[in-house]
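This report refers to the structure that appears directly beneath it.
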Amino acid sequence: MPALPVAPDAPVRVRFCPSPTGNPHVGMVRTCLFNWAYARHTGGTFIFRIEDTDAARDSEESYEQLLEALRWLGFDWDEGPEVGGPHAPYRQSERMQIYADVAAKLEEAGFAYRCFCTPEELEERREAARAAGKTPGYDGHCRNLGDAERAAYAAEGRQAALRFGMPGHDFVWNDVVRGELRFEAEHVPDYVLVRANGEPLYTLVNPVDDALMGVTHVLRGEDLLSSTPRQIALHNALADIGVGHGLMPNFGHLPYVMGEGNRKLSKRDPESSLRMYRDSGYLPEGLANYLALLGWSFGEDREFFSKTEMAAVFDVARVNPNPARFDLAKCTAVNADWIRHLSATDLAERLIPYLQSEGVLAETVTPEQHALLLQAVPLVQERMEVLTQGVAMLSFLFVGDRFTLDADDAAAVLTADSQPVLARAHDALDALASWNTTDIEAALRETLISGLGLKPKVAFTAVRVAVTGRRVSPPLFESLELLGRDMSLARLDAARKMH
Ligand code: GLU
Ligand code: ZN
């Protein structure tokens, strides 16, 4: 069979095609990001396809989470669920008839054959091959069965799987990320396309849809490298039977992401879960920015950029094939950078849902609370790396009588020794004629530092914990001003009565 022409570099059609199993994870997002950026950079098409043919593992809940995750991260897609497109439907579970038809054609044209082997028989023969020191792949047992043998197996009540017959030559392709790659024929045995129960597998449906949807570039994780020679063989066969665009997609395999201890970041690692990032208050922009650095770099030492800025310069050929190290601290630092770059209004808006989910703010935010938040945000903007830290620092302003002290901080700071400090602070503030940062600071310095001869840290930490509930808070004098005279005095009073 003549080699299939490789899809031209333009127009680009790429796809992100996750299976909806479990929770969305960062590896997925990285793949999505690189595909999206390549499509946007080239003015091509970004296809979002759902690979949900495995009824036992896929779930509707996971599908919903995927859509929500992509929306949260600000991805748009040109074809796919909810937006439709010329190759709809984009959920593979709705394309079963297509796969059944293609499977039948592949069999009819002799590219695939019925395999009657039971799992036990296969395992037995694999074991034997291993023992004999041979490569333990499928041994071609059913490849050349005659009609009579097939009929006999069927008469025994055996259900047949559909197996693809590999052409028996080595496979070489020019990987967009890794350069020339070669797989030897003996390492790529015939493989199953359709299970004996009629269920089509990833091995069939993924390349079939890539062909039908005119995908020009398959950009995906390195873990799928071993499926590529099979898929190349299948694309050749599909072109032969007239299914799809008749072109060989370009393949590009994105590097592994390594976690702690230099092992592959696993879906089960906590820092893998997209939920963790949303729950702790990473910005979608910050997370996407960091994930872009896993295998790619902007150049010019630039590490702070938006998805759009990335897309403007992204070339998949510049992806680094070496494993990328996932560094949560770095990710957090990039996020902190993003937080610092937001306007106060924007940061306030982003904090609100977190303040609400902590029960600090109610569903309806009053204009007064809004105004207070806007004043408070600049005080903490430089002090937080993730939004939940902002929530922890700002809650004291909004909880009123529901105010509580952080138990550890209170135990460490609001000791019997702090009583005189709190009493003096209370009285000095009570005597103030006007309630503003400057006067508050002057009064506290005079009474605690000059008067009691305390070190500022000791003096102010007691006041800080009494009033904000925590040792980590916005700047103290501003905090007192924003909290207001009555509430500040009441909290100092409560704290000095603790012992
Ligand atoms: N559904 C496959 C996965 O999530 C897609 C792999 C591919 O991009 O070919 O692993
Ligand atoms: Zn067989």
Side-chain angles (χ1 to χ4, degrees), residues 13-36 38 46-54 57-58 62-63 66 69 80 90-93 95 107 112-126 137-146 149-150 152-154 156 158-166 175-177 189-196 200-211 213 215-232 234-235 249-254 256 267 316:
R13 289 178 62 80
V14 288
R15 83 305 193 260
F16 171 56
C17 53
S19 299
T21 58
N23 304 318
H25 55 89
V26 293
M28 253 174 182
V29 178
R30 199 265 312 249
T31 300
C32 179
L33 177 62
F34 283 29
N35 277 284
W36 176 89
Y38 195 52
F46 179 55
I47 305 166
F48 179 25
R49 184 171 79 216
I50 305 290
E51 305 216 315
D52 57 349
T53 52
D54 187 344
R57 295 183 62 225
D58 303 324
S62 175
Y63 166 69
L66 260 171
Y90 291 88
R91 290 187 73 169
Q92 291 189 323
S93 56
R95 300 170 62 81
E107 187 184 356
Y113 57 90
R114 279 169 194 274
C115 169
F116 293 90
C117 302
T118 64
E120 296 75 31
E121 288 166 346
L122 291 172
E123 186 46 41
E124 223 168 85
R125 294 194 327 252
R126 267 197 294 266
Y138 184 72
D139 55 6
H141 179 270
C142 301
R143 196 167 165 143
N144 298 307
L145 295 180
E149 287 164 299
R150 274 198 205 99
Y153 276 135
E156 280 178 34
R158 291 184 185 234
Q159 300 282 329
L162 186 68
R163 200 178 272 280
F164 188 78
M166 288 295 284
D175 195 275
V176 202
V177 174
D190 297 352
Y191 61 95
V192 174
L193 298 170
V194 182
R195 283 212 180 94
L201 295 177
Y202 163 78
T203 51
L204 175 70
V205 300
N206 176 280
V208 164
D209 281 345
D210 285 349
M213 296 179 180
V215 167
T216 59
H217 293 72
V218 169
L219 310 177
R220 58 183 175 198
E222 188 175 347
D223 50 321
L224 289 156
L225 202 54
S226 63
S227 65
T228 303
R230 301 164 164 194
Q231 296 189 349
I232 290 175
L234 183 52
H235 276 291
N250 296 277
F251 290 90
H253 293 89
L254 311 175
Y256 281 126
K267 285 182 217 178
V316 68

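Worth saying up front: this structure is predicted, and the values here are computed from it rather than measured. All values below were derived from every heavy atom in this structure, side-chain atoms included, with hydrogens, water molecules and symmetry-related copies excluded. Whatever order the structure lists ligands and atoms in, that order sets their numbers, starting from 1.
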[X] with [Y]: basic N within carboxylate O range, under 4.0 Å:
X	Y	value
D54	R195	no
R158	E121	yes
R125	E123	no

Give the atoms of ligand 1, by number and element, whose distance to some non-hydrogen atom of [X] is under 4.0 Å.
X	result
E51	1 (N), 2 (C), 5 (C)
R220	7 (C), 8 (O), 9 (O)
N206	5 (C), 7 (C), 9 (O)

message: Does any N or O of ligand 1 fall below 3.5 Å from an N or O anywhere on C17, backbone included?
response: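 N/O-N/O distance under 3.5 Å: yes.
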- request: Would you check the N or O atoms of Q231, main chain and side chain alike, for any that come under 3.5 Å of an N or O of ligand 1?
  value: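 Between Q231 and ligand 1, no N or O pair is found under 3.5 Å apart.
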When you measure from the centre of the six-membered ring of [Y], is the NZ or CZ of [X] closer than 6.0 Å and no more than 45° off the axis?
X	Y	result
R230	Y191	yes
R30	F34	yes
R15	F46	no

Nearest neighbour in protein (non-hydrogen) for atom 4 (O) of ligand 1: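 Its nearest protein heavy-atom neighbour is S19 N, 3.6 Å.
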- prompt: Among all protein non-hydrogen atoms, which one is nearest to atom 10 (O) of ligand 1, and what is the separation to 0.1 Å?
  reply: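 The protein heavy atom lying closest is L224 CD1, 3.9 Å.
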- prompt: Heavy atom of F16 under 4.0 Å from ligand 1?
  reply: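 No, F16 has no heavy atom closer than 4.0 Å to ligand 1.
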message: So, 4.0 Å and heavy atoms of R15: is ligand 1 close enough to count as a contact?
response: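 Judged by the 4.0 Å heavy-atom criterion, R15 does count as contacting ligand 1.
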Opening angle between SG in C142 and SG in C117, taken at the Zn ion (ligand 2), to 10 degrees: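 It comes to 100°.
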Check against side-chain hydrogen bond (donor to acceptor under 3.5 Å, both in side chains), D190 and Y113: CA-CA 10 Å; D190 297 352; Y113 57 90; 2.7 Å; yes
